[in-house]
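Everything numeric in this text was worked out from a predicted model, so none of it was measured.
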Amino acid sequence: MTWYGEPCYSTAVFTKAHPLRPQSVVLSVTLVTLGMVFTQTGASFAKGLFPLVGAAGATTLRLTLAAIVLLVIFQPWRQRLDGGQWRAVLMYGGAMGAMNLFFYAALATIPLGVAVALEFTGPLAVALAGSRKPLDFAWIVLAVAGLALLLPLGQSTGEIGFGGVLLALAAGACWAGYIIFGQRAGSGGGPHITALGVSVAAIIALPFGVATAGTALLDPAILPIALGVALLSSAIPYALDMVALPHIPSRLFGILMSGQPALGALSGFLILRETLTIWQLAGIAAVIVASLGATVTIARNTPPPVA
């Protein structure tokens, strides 16, 4: 699990000290970047499913198919979890399911780049929680300024509505919970925790998808697209990050993840033909800079791990 990335993995994977080589770092950066591109591309394709099954239906298809893929690959039934671990997994999966439902509902009414930037306020808030240094407060002010630029203040019409903004912010709040509970669930765990968490999220999303789309969820014509969304948004980025994380410093990983809103805006423009105003682009840029600054500051103030 990371501060800034939607793929689900435990911080235990990358908080340990690892010997780094320049070649492995370059390869890891390439893999993480590809994972980010796949994630935002998958979100764009998922939006194309909305006219067929609705936002909740697309969420259900993505999580269910991703869960099936991860269950087959990682076979979590071979691992034993105690009661405390199961409670953490349930909270982790619950936060993940709610996060995806809110985010896809937001995508139905606002552009992808704006939705990703607004959702980013969740992990950014977690990163800056307990800040005491003046520079940390500067990142908070910059993030709030970016948020203000993204809000439809003084607008009676347009692409950005308050409903979509509130849904994206709710997704950000769930992302914050997803981080906290993911750290607890993943502590000392492994990939099987992710498979279980995604499965719980799929179960939570299922009633909403059935209520919205009904039997359309089983339409063979849309299943290949839905499988592509599940692979692009979950399975492939997760696999790439699992390969990359042992060979990349956590600060560099956080910096890379800070580019997600920009990639979301680019993907929305290229695939969905979504255009943004100069103020919305400025708001996205402010959120990105605040995330970059918070990543560098926090990494600098964090003591090195103890072997």
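Following chains of ILVMFWY side-chain contacts shorter than 4.5 Å, one cannot reach Leu147 starting from Phe102, and the two form parts of different hydrophobic clusters. By the rule that hydrophobic residues join a cluster once side-chain heavy atoms approach within less than 4.5 Å of another member, Trp139 and Val141 end up as members of separate clusters. Placement of Phe74 and Trp86 within a single hydrophobic cluster is found when ILVMFWY residues are connected by side-chain heavy-atom separations under 4.5 Å, directly or transitively. Transitive grouping of hydrophobic side chains (ILVMFWY, heavy atoms separated by less than 4.5 Å) keeps Leu167 and Val114 in distinct clusters. No single ILVMFWY cluster, assembled from side-chain heavy atoms under 4.5 Å apart, contains both Val210 and Ile203.
When all heavy atoms of Pro224 and Pro220 are compared, the closest pair comes out as CD-O, 3.1 Å. The two residues Gly268 and Ser44 have their closest heavy-atom pair at N-OG, 4.1 Å. Of all heavy-atom pairs spanning Leu49 and Ala58, the tightest one is CB-CB, 4.1 Å. Scanning both residues, Thr109 and Gly164, for their nearest heavy atoms gives OG1-CA, 3.2 Å. The two atoms that bring Ala66 and Ala230 nearest to each other are N-CB, 3.6 Å, heavy atoms only. Listed here is the closest heavy atom pair of Ala202 and Ala67: CB-CB, 4.4 Å.
Between Leu31 and Leu27, the closest side-chain pair of non-hydrogen atoms falls below 4.5 Å. Within the 4.5 Å cutoff, no side-chain heavy atoms of Val165 are placed close to those of Leu150. Residues Leu112 and Glu274 meet the side-chain proximity criterion, which asks for heavy atoms closer than 4.5 Å. In this structure, Val198 and Ser234 have side chains that are not in contact, with every pair of non-hydrogen atoms separated by 4.5 Å or more. Residues Ile110 and Leu118 have side chains in contact (heavy-atom distance under 4.5 Å, counting atoms from C-beta outward).
Not counting sequence neighbours, the partners of Ile236 by the side chain to side chain contact (heavy atoms under 4.5 Å, CB included) test are Phe38, Leu231, Leu240.
In this structure, OG in Ser199 is found 12.0 Å from NE2 in His192, a value given to the nearest 0.5 Å. For the atom pair Gln40 CD and Leu270 CG, the distance stands at 12.0 Å (nearest 0.5 Å). Note that CD of Gln280 and CG of Leu151 are 10.5 Å apart. Values are rounded to the nearest 0.5 Å. Considering NZ of Lys47 and CD1 of Ile271, their distance stands at 11.5 Å, rounded to 0.5 Å. Of the inter-residue distances, the one linking Leu196 atom CG with Leu71 atom CG reads 7.0 Å to the nearest 0.5 angstrom. The distance from atom CE of Met36 to atom CG of Leu263, rounded to the nearest 0.5 Å, is 4.5 Å.
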Report task. Kindly indicate, with the supporting measurements, whether the criterion side chain to side chain contact (heavy atoms under 4.5 Å, CB included) is fulfilled by Leu101 and Phe208. Result -> CA-CA 9 Å; Leu101 285 168; Phe208 297 94; 3.7 Å; yes
Query raised in the report: Could you walk me through whether Leu61 and Val53 pass the side chain to side chain contact (heavy atoms under 4.5 Å, CB included) check?
Result: CA-CA 9 Å; Leu61 286 171; Val53 294; 4.3 Å; yes
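The other residues sharing a hydrophobic cluster with Leu149 are Ile278, Trp279, where clustering joins ILVMFWY side chains under 4.5 Å apart.
For the pair Thr60 (side chain) and Ala205 (backbone), a donor-acceptor distance under 3.5 Å is present.
In this structure, Phe269 places its CZ atom where only 12 or fewer heavy-atom neighbours from other residues, nucleotides or ligands lie under 6.0 Å away.
Below 30°, between 30° and 60°, or above 60°: for Phe120 and Trp175 the angle between ring planes is above 60°, a perpendicular geometry.
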